[in-house]
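Each chain gets a letter, A, B and so on, in the order the sequences are listed, and its residues count up from 1.
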2 protein chains.
Amino acid sequence: MKEGTFELPGNCRLTSDYDVLQWDVREGCEVRQILDRIADKWSLLVIALLDKRTMRFAELLRSIKGVSKRMLTTTLRQLERDGIVERTVYPTVPPKVEYNLTPLGNSLHETVKALVIWTEANQVKIAEARDRYETRQSEGL
Amino acid sequence: MKEGTFELPGNCRLTSDYDVLQWDVREGCEVRQILDRIADKWSLLVIALLDKRTMRFAELLRSIKGVSKRMLTTTLRQLERDGIVERTVYPTVPPKVEYNLTPLGNSLHETVKALVIWTEANQVKIAEARDRYETRQSEGL
DNA sequence: CCGAATCCAGGATGATACTG
DNA sequence: CAGTATCATCCTGGATTCGG
C-alpha cells in the first residue's frame, strides 16, 4: 500500500476510482465535513422520515423520540443550509413550518434508506455478535 | 397518515414494507441503537477504510486525521463487539494489533461506500447550496 | 516502540422556561 | 406552534501514564 494515499485530513477529498476506496489529500475539499453532517445521528433520521413527505416541526419532534427541540432545530437548519431539506414558513397564527426533502435530499435518501434497511436486516446478527462478545469477556479475560 | 406508526422511540423496530419508510413501535428492538453506532462519524470512516484490507491500529490512527487514540480505540471496540470488525492481537514485542472487516462488516461496507460516494459526488452542489444560504442570510433577514 | 487506561478541560447536548 | 435563551450535564479529545 502506498504511504500517503490514505491520509484523511480535516479538509480532504476522496476518490473512488479504485476497487479499494482511496482517500486522497487535496486542497480545500469538504468531504469529511459533509460526511460528518449527514452521518449525524439526527440528520439520518430526519432524512429517513422525510421520504416524499412534508412534515411539520412538531411532527418531526414527536416522531424522533429522544431528540430535543434545540437539536432538531440545529439539525434542520444545517440540512437546510446544505440544500438537503427545504423549509417553508406559513406566516399564520399559530405559526406553521413545513419541511421536505429537496431533489438533492431525495437522492441522498436512497442511500440513507439502504443504510437503515441494512440495520433492520442485520439487527439479529449484531445482537448475536454482542452476546458472543459478552460471553467471551466473562469467560476468557 | 396514521398517528403512532411513525413513532421512533429509543428502543424500536422499523418496517420498510411500504414505499414510505415506516417506523413501528415494537418490543425490544435496537435499530436506533445500532444506527447510532454505525452512523457514528468515526465508525463510518473505519468501515470505509477497512475495505478488503487489514490495517493496524497506528495505521488507522494516521489515516483518519483528527481522531484521537481514545476515540479510535472506543470505536474499534464497539465495532468489534457488534461483529463488524475483527481484532487480531499478535503477542509480539512491540505489540501488533490488526483489524479487518468481518463478513457482516463487508456487507455493511457496500452501503457505507455508497454514502461516501454520494458525498463525494455532491460536494459541489452542497457548497453551492451553502453559498446561496449565506447570501440569503446577509440579504433578506 | 505500540496500544490501552486514566484524568481533566472544553465543547456539545438536553431540560426547562420564555417569546413572537 | 415554532422556535430561542439559559444553565446543568455529558461526552469527547488530549496529555500522560502504564503495560508488554
For [N], does either OP1 or OP2 sit under 4.0 Å from a side-chain N or O belonging to [X]?
{"X": "A:Arg87", "N": "D:dG3", "value": "yes"}
{"X": "A:Ser68", "N": "C:dT13", "value": "no"}
{"X": "A:Arg70", "N": "D:dA5", "value": "no"}
{"X": "A:Arg77", "N": "D:dA2", "value": "no"}

Side chain of [X] (C-beta onward), nearest among [options]:
{"X": "B:Tyr99", "options": "C:dA4, D:dG3, C:dG14", "result": "C:dA4"}
{"X": "A:Pro95", "options": "D:dG20, C:dG20, C:dT13", "result": "C:dG20"}
{"X": "B:Phe57", "options": "C:dA4, C:dC2, D:dG3", "result": "C:dA4"}

Within this structure, what is the [atom1]-to-[atom2] distance between [X] and [N], rounded to whole angstrom?
{"X": "A:Leu61", "N": "C:dT13", "atom1": "CG", "atom2": "C1'", "result": "15 Å"}
{"X": "B:Lys65", "N": "D:dG14", "atom1": "NZ", "atom2": "C1'", "result": "17 Å"}
{"X": "B:Arg56", "N": "C:dA4", "atom1": "CZ", "atom2": "P", "result": "11 Å"}
{"X": "A:Asp40", "N": "C:dA12", "atom1": "CG", "atom2": "P", "result": "13 Å"}
{"X": "B:Gln78", "N": "D:dC11", "atom1": "CD", "atom2": "C1'", "result": "12 Å"}
{"X": "A:Leu76", "N": "D:dT4", "atom1": "CG", "atom2": "C1'", "result": "15 Å"}
{"X": "B:Trp42", "N": "D:dG14", "atom1": "CH2", "atom2": "C1'", "result": "13 Å"}
{"X": "A:Met55", "N": "D:dA2", "atom1": "CE", "atom2": "C1'", "result": "15 Å"}

Practice task
To the nearest 0.5 angstrom, please state how far the NZ atom of A:Lys125 sits from the OG atom of B:Ser107.
Solution key: 6.0 Å
Problem - Interatomic distance, B:Leu108 atom CG to A:Leu115 atom CG [nearest 0.5 angstrom] - result: 6.5 Å
Handout entry: Side chain A:Arg37, main chain A:Gln33, donor-acceptor under 3.5 Å
Key = no
Handout entry: Polar contact flag, side-chain donor to acceptor under 3.5 angstrom, A:Tyr90-A:Glu98
Key = yes
Practice task
Quick one: label B:Val93 by what it contacts on the DNA or RNA (base, sugar-phosphate, nothing), any heavy atom closer than 4.0 Å.
Solution key: nothing
Problem - Along DNA chain C (nearest heavy atom to each residue), the more 5'-positioned of A:Thr74 and B:Ala58 - result: B:Ala58
Exercise for the section: Indicate yes or no: at least one non-hydrogen side-chain atom of B:Leu35 is less than 4.5 angstrom from one of A:Val116. Expected result: yes
Practice task
Assign each of B:Thr92 and B:Lys69 to its nearest nucleotide of DNA chain D by heavy atoms, then name whichever residue's nucleotide is nearer the 5' end.
Solution key: B:Lys69
